[in-house]
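What follows is a short report on a single structure.
Since we're looking at a predicted model, the values are computed, not measured. In the text below, chain A, chain B and the rest are named by the order of the sequence lines, each starting its count at 1.
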Amino acid sequence: MRVSQLLVPTLREVPAEAEVVSHQLLMRAGFIRKAAAGIYTLLPLAWRVVHKIERIIREEMDKQGGQEILMPIMQPAELWQESGRWDVYGPELFRLKDRHGRDFCLGPTHEEIITDLVKGEVNSYKQLPLLLYQIQNKYRDERRPRFGLMRGREFIMKDLYSFDKDEAGLDISYRKMFEAYTNVFRRCGLQFRPVVADSGAIGGSDTHEFMVLAESGEATIVYCDNEGCDYAANEERAESVTPVASPGEAPAKLQKVVTLGCRTINEVASFLNISPQKMIKTIIYSTDKETVAAMVRGDREVNEVKLYNALGCIRLDMADDETVARITGASPGYAGPVDLEGVRLVADHEVMALINAVCGANEDDHHLVNVNPGRDFRPHLVADIRLVKAGDPCPVCGASLREVKGIEVGQIFKLGDKYSKALGATFLDENGQARPFIMGCYGIGVTRTMAAAVEQNHDDRGIIWPVQIAPYHVIVVPISTKDEEQVAVAEQIYRRLNEAGIETVIDDRPDRAGVKFKDADLVGYPLRINVGSRGLATGEVELYLRREGSITMVPVEGVVEAVQNALKTMGYTT
RNA sequence: CGGGAUGUGGCGCAGUUUGGCUAGCGCGCUUGCCUUGGGAGCAAGAGGCCGGGGGUUCAAAUCCCUCCAUCCCGACCA
């Protein structure tokens, strides 16, 4: 391809609306353009990258026995009503009507469609396991699309669904996908980590997320630093270790003290000259069925996902000030569990281990001291509801946990029979018994993976594509297009590289060298060949490595071989 | 959905407070000359319903009302 003909509208300046690096660079380097909030056109270079990621995915899915299909984007409401998700999914589901007034939606995911398909076409255990996947546009009317391709309303996703006759089969399918995902992200040249995750609204038991490690990631993950221990979890899911009650001081008499104007944990702690670890933080939540007082130690945060799971509720929000006042009789900051009526008390394990603690007195400007759980209040539920932090002990081996940020690019789920039961999808087992399929679902955000790759691979000049997913491998730059010899040599190299199966473009634009260099660095071609008078004087050209920024002189005749070697060093395989 | 901000040629911005002639600047684009190793220079051009609608006024990018769009921060997710 000739750069003069290639649609790569690079920008010198960063579009004002782009905040994160991947968004800025993909815009500036001419990969994407926005059509509406969270909806993008992928220009030629981006589309090539997507194809490369898709190819890797297809190979790994096929290797595990996956069969590719293509399901509709537009789906009838009936299926969603049958599964119950038409009502549950909420405003994130793009809904539309046809000319007859029938309801449809744009698929945010395809469990309903595929379960319905398999229900009709697969009847026997002999046909199982069955792994079907597709690479398809997905639609989610995000509350807040942001970060360019990272969180769009329209995006490309690979989703695979597994159908097994029993849990043991599902375990095998799940392990296959775990392996496939590991291979996919490794082959894409990304630094990533699989983590234990929360299953969220989709439901199901086991689930892992695949996180690309990047500072700009929206998710926090904790992992064990201990060699040999591979514990890693999404922060919202990470388990805490139940503290052992330490035999300590003797319980003292409960007392109310004046803490004028001390609302926050820190204010109270410094006013009473105690450590926040001696305090009970009480936060009032409203759920769909009740009001809840959640308690964690003063130096901890409530993990709302854990709380939500512990309560088994559908909705969970921090209570507004009015509710807090009605329940506690005080303004926020003075809530405490002692003599608190009309709410469900939920305490973290750590709270129960406290002796002579401090908490709000349910009265403005007052706190209670020498509070002893069990004696002064009895929670309705004791559970792990706190947020794990770096430095906390690993739940597996006890070593210290660390924290990093990650971008979720894939997630694998064990669904069980949730959808097959709801939609009546059954097969006949060995005994002629009708049983629901045991399902799993496995997603990879393809366009998000592209963005994540940029987040992880860039410098102040632009993108540095991992060679396996680079839109092209090499750009040939004749320094001066007025110099006939340079042009002739560049054209010849361009031709030979393409003939050797190396994806190469030539920057034949009549611009000055600086312009072409800047553009090439911005776009992120892994290799660049400069054809200039300096080198040609000795029959050589320059081979420039984008990531290293290094230049080596290569004789013109040896260019193809040098490029092949360089690509191999970068980990390129066909 | 709550909070904050912004909408002016393709991109980045000024002008709006205090209404006033033909709406400016940089980049990019076109043509010519010149130049050619890290976003050159000179010259001449093209390109705008100043987000939409309504109002106030002799007069609106500017003041008022009202929609809309976009971005950022929070609660949800590949």
Can you tell me which nucleotide in [options] comes closest to the side chain of [X]?
X	options	answer
Glu542(A)	rG37(B), rG38(B), rU70(B)	rG37(B)
Ser480(A)	rU36(B), rC11(B), rG37(B)	rU36(B)
Arg512(A)	rG37(B), rA40(B), rC13(B)	rA40(B)
Asn530(A)	rG37(B), rG39(B), rU70(B)	rG37(B)
Tyr544(A)	rG38(B), rC76(B), rC71(B)	rG38(B)
Glu92(A)	rC76(B), rU70(B), rC72(B)	rC76(B)

Worksheet item: Using a cut-off of less than 4.0 Å, is there contact between a side-chain N or O of Arg12(A) and OP1 or OP2 of rG28(B)?
Response: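 So the side-chain polar atoms of Arg12(A) do come within 4.0 Å of the phosphate oxygens OP1 or OP2 of rG28(B), strictly under.
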Discussion item. Measuring to OP1 and OP2 of rA78(B), would you say a side-chain N or O of Arg448(A) lies under 4.0 angstrom away?
Written reply: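 False: Arg448(A) side-chain N/O out of range (4.0 Å or more) of rA78(B) OP1/OP2.
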Under 4.0 Å between any heavy atoms, over every strand shown, what does [X] touch: base, sugar-phosphate, or nothing? Just pick one.
X	value
Thr449(A)	nothing
Val515(A)	base
Gly410(A)	sugar-phosphate
Asp483(A)	nothing
Gly152(A)	base
Ile479(A)	base
Val14(A)	sugar-phosphate

Item to complete: Tell me which of Ala36(A) and Pro510(A) sits closer to the 5' end of RNA chain B, going by the nucleotide each one is nearest to.
Response: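 Mapping each residue to its closest nucleotide by heavy atoms, the 5'-most match is Pro510(A).
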Pairing partner of [N] (Watson-Crick or G-U wobble, both distances under 3.5 Å):
N	value
rG19(B)	none
rA40(B)	none
rC63(B)	rG55(B)
rG24(B)	rC13(B)
rG2(B)	rC73(B)

Check: [N] base within 3.5 Å donor-acceptor of [X] side chain:
X	N	answer
Arg28(A)	rG28(B)	no
Arg528(A)	rG38(B)	yes
Lys482(A)	rU35(B)	yes
Asp511(A)	rG39(B)	no
Glu13(A)	rG28(B)	no
Arg151(A)	rA78(B)	no

Item to complete: Answer yes or no: are there more than 12 heavy-atom neighbours, outside Gln492(A) itself, under 6.0 Å from its atom CD?
Response: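 Atom CD in Gln492(A) is packed in, count exceeds 12.
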Discussion item. Assess the residue pair Ile114(A) and Gln134(A) against the criterion (side chain to side chain contact (heavy atoms under 4.5 Å, CB included)); give the C-alpha distance rounded to whole Å, side-chain angles, the decisive distance to 0.1 Å, and a yes or no.
Written reply: CA-CA 10 Å; Ile114(A) 197 152; Gln134(A) 66 168 354; over 6 Å; no
Between the side chain of [X] and the main-chain N/O of [Y], is any donor-acceptor distance below 3.5 Å?
X	Y	result
Asp116(A)	Glu112(A)	no
Gln456(A)	Leu213(A)	yes
Thr10(A)	Asp519(A)	no

Worksheet item: Stepwise, does the ring-ring contact (aromatic ring centres under 6.0 Å, His included) test hold for Tyr442(A) with Phe178(A)?
Response: CA-CA 9 Å; Tyr442(A) 316 85; Phe178(A) 191 98; over 10 Å; no
Discussion item. Assess whether a salt bridge exists between Lys63(A) and Glu59(A), defined as any Lys/Arg side-chain N lying under 4.0 Å from an Asp/Glu carboxylate O.
Written reply: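 Judged by the 4.0 Å cut-off on N to carboxylate O distance, Lys63(A) and Glu59(A) do not form a salt bridge.
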Discussion item. Is there aromatic stacking of Phe517(A) on rG39(B) here, judged by a ring-centre distance under 5.5 Å and a plane angle under 30°?
Written reply: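 No, aromatic ring not over the base.
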Taking [atom1] from [X] and [atom2] from [N], how many angstroms apart are they, rounded to a whole number?
X	N	atom1	atom2	answer
Lys34(A)	rG7(B)	NZ	C1'	11 Å
Gln136(A)	rA78(B)	CD	P	17 Å
Tyr89(A)	rC76(B)	OH	P	15 Å
Lys138(A)	rC77(B)	NZ	C1'	14 Å
Leu11(A)	rG39(B)	CG	P	18 Å
Leu26(A)	rC11(B)	CG	P	18 Å
Arg534(A)	rG38(B)	CZ	P	7 Å
Glu235(A)	rC77(B)	CD	P	15 Å

Discussion item. What's the gap between rG7(B) and rG48(B) when it is taken at their C1' atoms, as a whole Å value?
Written reply: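 Nearest-Å result for rG7(B) against rG48(B) at atom C1': 14 Å.
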Fill in: Pairwise C1' distance for rA46(B) and rG10(B), with rounding to whole Å
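Comparing C1' positions in rA46(B) and rG10(B) gives a spacing of 13 Å.
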Practice prompt. Carefully, step by step, assess Asp141(A) and Tyr139(A) under the rule side chain to side chain donor-acceptor pair (under 3.5 Å).
Written response: CA-CA 7 Å; Asp141(A) 197 356; Tyr139(A) 295 83; over 6 Å; no
